[in-house]
Asks: 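Structure provided below as structure tokens; questions to follow.
Because the structure is a prediction, the values reported are computed rather than measured. Computed over heavy atoms, backbone and side chain alike; hydrogens, waters and symmetry mates excluded.
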Amino acid sequence: MRRVHIWSVILGLWLLLVLPALAQSGGVRVEDPDNLLGAQANQVREAAQRLADEGAEVIVLAAGPSAGSDATSADQYLSDFLAQNNLAASSRQINPNQVVFYVARDARRTSLLYGSRWKQTLDPVFQSIQDQQMNPRFASGDVAGGMIAGIDAARTTINPPTSPLVYVLGGALVLGVIALITVPMLQKRRASATALETARERMRTARQAAGAAISDVAGVAEQAQAKAQYDRISYSQANIERLQSLQAKGTQLFQEAQDLFSTADDQIELKANPTAGDYEAVAAQYERAQNLAQQANSSIGEAEALRAQLDAQGSPSTGPTTRLRE
């Protein structure tokens, strides 16, 4: 659940950063009946499209002689253009989503009109956009430049550019959230690797100790077996049985230790990718084999100690003896 929640946070941050790019695009209409925009007409359309990408329906109209030479004819020309093209009822009845940029060059008339959707945003600044961004360029004859400046000013007012600091902080926050996910994962992976190596080392140590114990018993057992063949001619029947019992017990334990050691070897070799648990289980088997070998060594050692005791006591092997007749 925690991981799902963290990824939800990351998705939310991502949407916050890219949401402006996902805004619904509006339409663009650029009209230049007297070719005032010239070679820069495409640049005006590109600027209009940037504003349309913020959701506005953008209308650009640049007119020279077509709009007449006075304010009245210029205003009427704009209203007729909007109505005749089914864009709006008139210049006084702009549709809610529209933003209209208009210049009548010969009438020295400029307009920035907008619908109710943009009223709260553009009311405080539309006059300064006309006076500071558009009109100075129009006055110098740069009609296209004035249109582009006005369109871009309206766009950055509607959707101010995101401060680089926001992206830096957002990126840092995303990286921090990612770190919350990846650091525990890496720590867990490191802990697992450490546990695996620890278990593997325990198995190697246990195998070495078990092998040494079994090797020690093998030498002791061989020596004891060589001595056992003389028990019948050296000791009484009761002592022979005691020695045989100890010897048999040691031999059985020794065999069990060898079998368990071999089984442990086979078990780990059959694993393609042994886990820490596999190594721990096999290490326990080696430790059990070592314990059995030590018990075997102890039992055989008891037999050896008994022989030494009997030899020191001069225990007869066949009972009382009788003097041979001369």
Asks: What salt bridge (charged side-chain N to carboxylate O under 4.0 Å, His left out) pairs are there with at least one residue in residues 76-94, not counting sequence neighbours?
Replies: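 Of all non-adjacent pairs touching residues 76-94, none passes salt bridge (charged side-chain N to carboxylate O under 4.0 Å, His left out).
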
Asks: Do side-chain atoms of Asn97 reach the backbone of Gly55 as a donor and acceptor pair under 3.5 angstrom?
Replies: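 Yes; at least one donor-acceptor contact below 3.5 Å.
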
Asks: So which pairs with a foot in residues 56-77 pass salt bridge (charged side-chain N to carboxylate O under 4.0 Å, His left out), sequence neighbours left out?
Replies: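 Listed once each, the pairs are Asp75-Arg109.
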
Asks: Taking only residues two or more places apart in sequence or in another chain, which ones pass salt bridge (charged side-chain N to carboxylate O under 4.0 Å, His left out) with Asp32?
Replies: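 Listed in chain order: nothing, the list is empty.
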
Asks: Side chain to side chain donor-acceptor pair (under 3.5 Å): which pairs involve residues 139-157, sequence neighbours left out?
Replies: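 Those involving residues 139-157 are Arg50-Asp152.
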
Asks: Filter on ring pair (Phe, Tyr, Trp, His ring centres under 6.0 Å), then keep only pairs touching residues 45-80, sequence neighbours left out; what's left?
Replies: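 Every pair satisfying ring pair (Phe, Tyr, Trp, His ring centres under 6.0 Å) with a residue in residues 45-80: there are none.
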
Asks: When clusters are formed from ILVMFWY side-chain contacts under 4.5 Å, directly or step by step, what else is grouped with Leu260?
Replies: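 Via sub-4.5 Å side-chain contacts, Leu260 links to Leu253, Leu292.
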
Asks: Using the salt bridge (charged side-chain N to carboxylate O under 4.0 Å, His left out) criterion, which residues pair with Arg29? Sequence neighbours excluded.
Replies: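 Salt bridge (charged side-chain N to carboxylate O under 4.0 Å, His left out) check on Arg29 returns Glu31.
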
Asks: Can you run down the salt bridge (charged side-chain N to carboxylate O under 4.0 Å, His left out) pairs that involve residues 201-219, sequence neighbours left out, and say none if there aren't any?
Replies: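 For residues 201-219, and leaving out neighbouring residues, the salt bridge (charged side-chain N to carboxylate O under 4.0 Å, His left out) pairs sorted by first residue read Glu197-Arg204, Glu201-Arg204, Arg202-Glu280, Arg202-Glu287, Arg207-Asp265.
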
Asks: Among pairs that include at least one residue of residues 81-118, which meet ring pair (Phe, Tyr, Trp, His ring centres under 6.0 Å), considering only residues two or more places apart or in two chains?
Replies: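 Every pair satisfying ring pair (Phe, Tyr, Trp, His ring centres under 6.0 Å) with a residue in residues 81-118: Tyr114-Phe126.
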
Asks: Applying salt bridge (charged side-chain N to carboxylate O under 4.0 Å, His left out), name anything that partners Asp266, two or more places apart in sequence or on another chain.
Replies: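 Partners of Asp266 under the salt bridge (charged side-chain N to carboxylate O under 4.0 Å, His left out) test: none.
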
Asks: Going by the salt bridge (charged side-chain N to carboxylate O under 4.0 Å, His left out) test, which pairs reach into residues 243-260, not counting sequence neighbours?
Replies: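 For residues 243-260, and leaving out neighbouring residues, there are no salt bridge (charged side-chain N to carboxylate O under 4.0 Å, His left out) pairs at all.
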
Asks: Using the ring-ring contact (aromatic ring centres under 6.0 Å, His included) criterion, which residues pair with Tyr286? Sequence neighbours excluded.
Replies: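 Residues passing ring-ring contact (aromatic ring centres under 6.0 Å, His included) with Tyr286: Phe261.
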
Asks: Please check this pair: side chain of Gln98 against backbone of Asn95, looking for a donor-acceptor N/O pair closer than 3.5 Å.
Replies: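 Yes.
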
